[in-house]
Number of protein chains: 2
Amino acid sequence: MEQVTNIFQNITEQECSQMMHCFQAAEKRYSAGSVISTYSRDSQKIGILREGQAILVRIHSDGRQTILEDLHQGDIFGEALTFENFDIGTMQVVCTENCRILFFDYACLIRRCQKACTFHSQLVHNSLQIMSRKAVQLSERLEILSQRSIREKLFCYFSILAARNGRETFQLPFSFSSLADYLAVDRSAMMRELKKMKEEGTVEVEKRRIVTIYPRQPF
Amino acid sequence: MEQVTNIFQNITEQECSQMMHCFQAAEKRYSAGSVISTYSRDSQKIGILREGQAILVRIHSDGRQTILEDLHQGDIFGEALTFENFDIGTMQVVCTENCRILFFDYACLIRRCQKACTFHSQLVHNSLQIMSRKAVQLSERLEILSQRSIREKLFCYFSILAARNGRETFQLPFSFSSLADYLAVDRSAMMRELKKMKEEGTVEVEKRRIVTIYPRQPF
DNA sequence: CTATTTTTGTTGCAAATGCAACAGTGTTAT
DNA sequence: ATAACACTGTTGCATTTGCAACAAAAATAG
């Protein structure tokens, strides 16, 4: 079974164009910094982030705002999907990069349309996959951030990457600066810790290539 | 619109029992510490956590394990929903409390059964709601844990609770010990910080009743 | 190729944090 | 009623961390 990253995965070109019509789909572009107003205006639409990055924010009464969710390529969003018991209009989707977004009717996703398109099951499956994979990713990062020290955070993240790669060696997916952001720690403090770990021989670092050397397990 | 916490919300009793048959549903009980083996054996089943708590863990080759997800009441899980590009059998759902779990066929959820039950849309809608609400919750905690200091973490969490309650006063949903766990900080350090904040007058604490006093916004 | 920007690597220092340990208070079980 | 247990509140101390600041290397743009 393959990994689902695209809501239209395993749906043919032909079915897609058929569906676009069926669902009254429309693609729109937004520039970095702009607010996707369709979000609050038409709660019946859901959006698929085809390209770019965005955030889902909640606006507090005092003007402060909380980031509720980070949205990346392939993510699905829409009021129909995030409704909680707070007021409509207090939430916004804001583009942090130039975005390309495909909107379509939420009702179409959850029930079959008149024409009884056969790919509906696949579409629902893909949606569920994308959302549950997101939960796993978020939980993964939560586990990392729950670690108390920088050293533990590094270890935790490294072992996830190692496991994902199936070996003790792997490539960092981003720069050390971004790594510090991802681990939510100070970059210089992280570098210092990394240096110590190298000296102690618990990791080997060469550019973005990392080799983890697990300490002997006590038992 | 109301908050969806139960996958069967807005589905009548009658439809439910009809569905149970339709979906070959079965409820099982697990005691704390036990592994839900159905998870890896029958990948076509999904589970609904009706009662209790569980975790989704990945078992590494060296015996170590990573918690991928925390599962709480109402959560949906199943291999069909969490499959990534790692081996089957390396993941387990382990009960951390006594659990009551309802299993049913995943295929039934995503496509209409022979009898064309009308509540399918509702079921799919509920599933999507539950999963997206989970993403919001996880992101919320991520934002909190991304804060650098204990003070910022407290503020961040308190303002989320305040916003949720619609006022500056609210009740902590759990003990201070649990709060420290939730914020992933040392309890005594948190108490110390809380004391400082009380002295400075930025919060009022009386048992589990918290009043946040926002500092004047600079502009 | 050169200028500019981003990333990496370092350090001193003050402040924040975790740890350990203990006492007091409240809660629950027997 | 009393014991057992969980939660709260506190403190000293060693360690870790964040911050600020700077230099060098690497990547990118013009």
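Residue numbering restarts at 1 for every chain, and letters A, B, ... go by the order of the sequence lines. All values below were derived from every heavy atom in this structure, side-chain atoms included, with hydrogens, water molecules and symmetry-related copies excluded.
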>> Counting the atoms with a prime plus P, OP1 and OP2 as sugar-phosphate, which does B/Arg187 contact under 4.0 Å by heavy atoms, base, sugar-phosphate, or nothing?
In response: base
> How is B/Arg151 classified with respect to the nucleic acid when contacts are heavy atoms under 4.0 Å: base, sugar-phosphate, or nothing?
Replying inline: nothing
Of all the choices, [options], which nucleotide is nearest to the side chain of [X] once you look at every atom?
X	options	result
B/Ser149	C/dC19, D/dG18, C/dT17	C/dT17
B/Glu193	D/dT17, C/dC19, C/dT17	C/dT17
B/Val185	C/dT11, C/dG18, C/dT8	C/dG18

>> Judged by each residue's nearest nucleotide on DNA chain D, which is more toward the 5′ side, A/Lys196 or B/Lys198?
In response: B/Lys198
Side-chain N or O of [X] versus OP1/OP2 of [N]: is the shortest distance under 4.0 Å?
X	N	result
A/Lys195	C/dT8	no
B/Ser175	D/dA6	no
B/Ser177	D/dT8	yes

Between [X] ([atom1]) and [N] ([atom2]), how many Å, whole number?
X	N	atom1	atom2	answer
B/Arg208	D/dG9	CZ	P	11 Å
B/Asp186	C/dA20	CG	P	9 Å
A/Leu194	C/dG9	CG	P	8 Å
B/Met190	C/dC19	CE	C1'	16 Å
B/Leu183	C/dT17	CG	P	11 Å
A/Ile150	C/dT17	CD1	C1'	12 Å
B/Met191	C/dG24	CE	C1'	12 Å
A/Phe176	D/dA25	CZ	P	17 Å

> Could B/Arg141 and B/Tyr182 be counted as a cation-pi pair, given that NZ or CZ must be under 6.0 Å from the ring centre and within 45° of the axis?
Replying inline: yes
> When only distance counts, do a donor and an acceptor, one from the side chain of A/Arg192 and one from the base of C/dG12, lie under 3.5 Å apart?
Replying inline: yes
> For A/Ser31 and A/Asn98, which heavy atoms make the closest approach, and how far apart are they?
Replying inline: CA-OD1, 3.2 Å
> Starting at the 5' end of DNA chain C, which residue's closest nucleotide do you reach first, A/Ser178 or A/Glu152?
Replying inline: A/Ser178
>> Consider side chain to side chain contact (heavy atoms under 4.5 Å, CB included). Of B/Ile210, B/Leu172, B/Thr212, which one does B/Leu161 pass it with?
In response: B/Leu172
>> Could you check whether any side-chain heavy atom of A/Phe155 comes within less than 4.5 Å of a side-chain heavy atom of A/Gln147, counting everything from C-beta outward?
In response: no
>> Is the shortest side-chain heavy-atom distance between B/Glu193 and B/Lys153 below 4.5 Å?
In response: no
